[in-house]
There are 2 protein chains.
Amino acid sequence: MPRPRSLTGPRIADAALAVLDRDGAAALTMRAVAAELGMGTMSLYRYVTGREELEELVVERVLSAVDTGVPGGPWESRLAELAERVRAALLGHPGALPLMQARRHRAPSSHRWGEAVLGALTEAGFAGEDRVVAFRLFSGYVIGALQAEHLGPLAGEGTGALAALEGEGLPLLGETAACARSVPDAEAFRRGVRILLRGLAAEAAPER
Amino acid sequence: MPRPRSLTGPRIADAALAVLDRDGAAALTMRAVAAELGMGTMSLYRYVTGREELEELVVERVLSAVDTGVPGGPWESRLAELAERVRAALLGHPGALPLMQARRHRAPSSHRWGEAVLGALTEAGFAGEDRVVAFRLFSGYVIGALQAEHLGPLAGEGTGALAALEGEGLPLLGETAACARSVPDAEAFRRGVRILLRGLAAEAAPER
DNA sequence: GTCGTAGGCGTACGAGATACCCCTACGGAT
DNA sequence: ATCCGTAGGGGTATCTCGTACGCCTACGAC
């Protein structure tokens, strides 16, 4: 063997994540990451084939922080816990959310999380196409809700702008926006999961 | 008045949408849209302040196709119908999905849709913070599911790759992926909505 | 006519991704 | 010790974008 690689995947992912967290999604460029690693732009290409692979590394790095060990308890609370863990891992790196949405299908950690979710769904009695539907529902909500939370936090300025619409033919929206300020994002997410699980429980119960 | 504008917002949005649909999201550039309109790149800046505003026009254009008239029937079927309408409008323009996710907060059509959703939720008995939670849940799922559908269709190649994981410690994922091929996207979406509505119904019933 | 604004365009610049090519340094094999 | 092959590290050049800026033209009101 001629010579060991001097840079590992995780090391590169760390640098990219540092750039992402510090300067935002738009700043995640090959140049910036190379600079973060203390090397010239083109040197980075020794380790990743291009921007795509760099982003995949970031996604896997973020998702690898999600504990996919099977939590205890009944299936409902296990799913709630799994949802919570993803949220916790992603909140520290909001800039990675769009990347994850686009590239999670390639991330092994994402697969492990999916396996854990499917385990809980199976225990709930879902199988076959029903399980496919339930899985898509659950993961779709988790990702969608996190994305929405990041792009338009309940307590953010966007909500304030919406509240001003009350008088313009959108009374409910204005009222809801005003009220939304007092609902912490974490609570909205958690309660949403709970309602969703209620639906899943109702669906599972009479069928098996 | 010196001279009428020779290009309207919708006209520009149409051109941008044509580019988007024909050549994909990456091809939606100022240059391409200007060319589509038969003018030089910089001429486009007479009508939009920059790329951001162009994207907002596209989003509003796509969402304006969503009928936000209040459908009839009980609140559950109204919500199902509203979800379906968004899906129908967006399926014709998959490239607009990421744009919509990021910019829907500024689109009047999005507000009108939200108002209709809130109307149904109110009828269901939701109010105050409960209604905020329910609204976030519903819209989060609709957007998240559509995005997931576009990025990793149930019947797409990604699913095939997942099916190969069956033997690698991810048995459920492999099995589910194989089974997923036979579930049409439309059906998965619809059934997901139905389950979610079941959860909302259960949540609403005992409280009011 | 004359003037002011909108229309329309071309040029120029900075940033980004990345193909291509260069020199250097190490690690083994000789 | 010497030499070769590969990895390391980098520089340059090209193409694409967004967009600031400035120029000329045409139209409409007076």
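Just so it is clear: chains get the letters A, B, ... in the order the sequence lines come, proteins before strands, and each one is counted from 1.
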Problem - Pairwise distance CD1(Ile195(B)) to OH(Tyr141(A)) - rounded to 0.5 angstrom - result: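 Separation between the atoms: 15.5 Å.
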Handout entry: Under-4.0 Å side-chain N/O to phosphate OP1/OP2 contact, Ser43(B) with dG7(C)
Key = no
Handout entry: Distance below 4.0 Å between Tyr47(A) side-chain N/O and dG8(D) OP1 or OP2
Key =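 Yes, such a contact exists.
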Value in whole Å for how far the [atom2] atom of [N] lies from [atom1] of [X]:
X: Met39(B); N: dG7(C); atom1: CE; atom2: P; answer: 9 Å
X: Leu54(B); N: dG18(D); atom1: CG; atom2: P; answer: 9 Å
X: Leu44(B); N: dC17(D); atom1: CG; atom2: P; answer: 14 Å
X: Arg46(B); N: dG10(C); atom1: CZ; atom2: P; answer: 14 Å
X: Leu37(A); N: dG8(D); atom1: CG; atom2: P; answer: 13 Å
X: Leu7(B); N: dG8(C); atom1: CG; atom2: P; answer: 7 Å
X: Glu53(B); N: dT19(D); atom1: CD; atom2: C1'; answer: 14 Å

Practice task
Output yes when a side-chain donor or acceptor of Ser77(A) lies under 3.5 Å from a complementary backbone atom of Gly73(A), and no otherwise.
Solution key: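 Not at all, since once roles are kept as given, no pair shorter than 3.5 Å links the two residues.
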Handout entry: Any donor-acceptor pair under 3.5 Å from Arg136(B) side chain to Asp185(A) backbone
Key =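 Flag not set: sc Arg136(B) to bb Asp185(A) has no pair under 3.5 Å.
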Report, one line per pair, each donor and acceptor closer than 3.5 Å where one atom sits in a side chain of residues 59-66 of chain B; sequence neighbours left out.
{"residue": "Glu60(B)", "atom": "OE1", "partner": "Ser109(B)", "partner atom": "N", "Å": "3.1"}
{"residue": "Glu60(B)", "atom": "OE1", "partner": "Ser109(B)", "partner atom": "OG", "Å": "3.4"}
{"residue": "Glu60(B)", "atom": "OE2", "partner": "Ser109(B)", "partner atom": "OG", "Å": "2.6"}
{"residue": "Arg61(B)", "atom": "NE", "partner": "Asp14(B)", "partner atom": "OD1", "Å": "2.6"}
{"residue": "Arg61(B)", "atom": "NH2", "partner": "Asp14(B)", "partner atom": "OD1", "Å": "2.5"}
{"residue": "Ser64(B)", "atom": "OG", "partner": "Glu60(B)", "partner atom": "O", "Å": "3.4"}
{"residue": "Ser64(B)", "atom": "OG", "partner": "Arg61(B)", "partner atom": "O", "Å": "2.7"}

Protein-nucleic acid N or O pairs under 3.5 Å, nucleotides 17-20 of chain C:
{"residue": "dA17(C)", "atom": "OP1", "partner": "Arg51(A)", "partner atom": "NH1", "Å": "2.4"}
{"residue": "dA17(C)", "atom": "OP2", "partner": "Met30(A)", "partner atom": "N", "Å": "2.9"}
{"residue": "dA17(C)", "atom": "N7", "partner": "Arg31(A)", "partner atom": "NH2", "Å": "3.2"}
{"residue": "dT18(C)", "atom": "OP2", "partner": "Tyr45(A)", "partner atom": "OH", "Å": "3.2"}
{"residue": "dT18(C)", "atom": "OP2", "partner": "Arg51(A)", "partner atom": "N", "Å": "3.0"}

Handout entry: Exercise: do Thr68(A) and Glu115(A) side chains pair donor with acceptor under 3.5 Å
Key = no
Handout entry: Side chains of Phe126(A) and Leu118(A) in contact at under 4.5 Å (non-hydrogen atoms)
Key = no
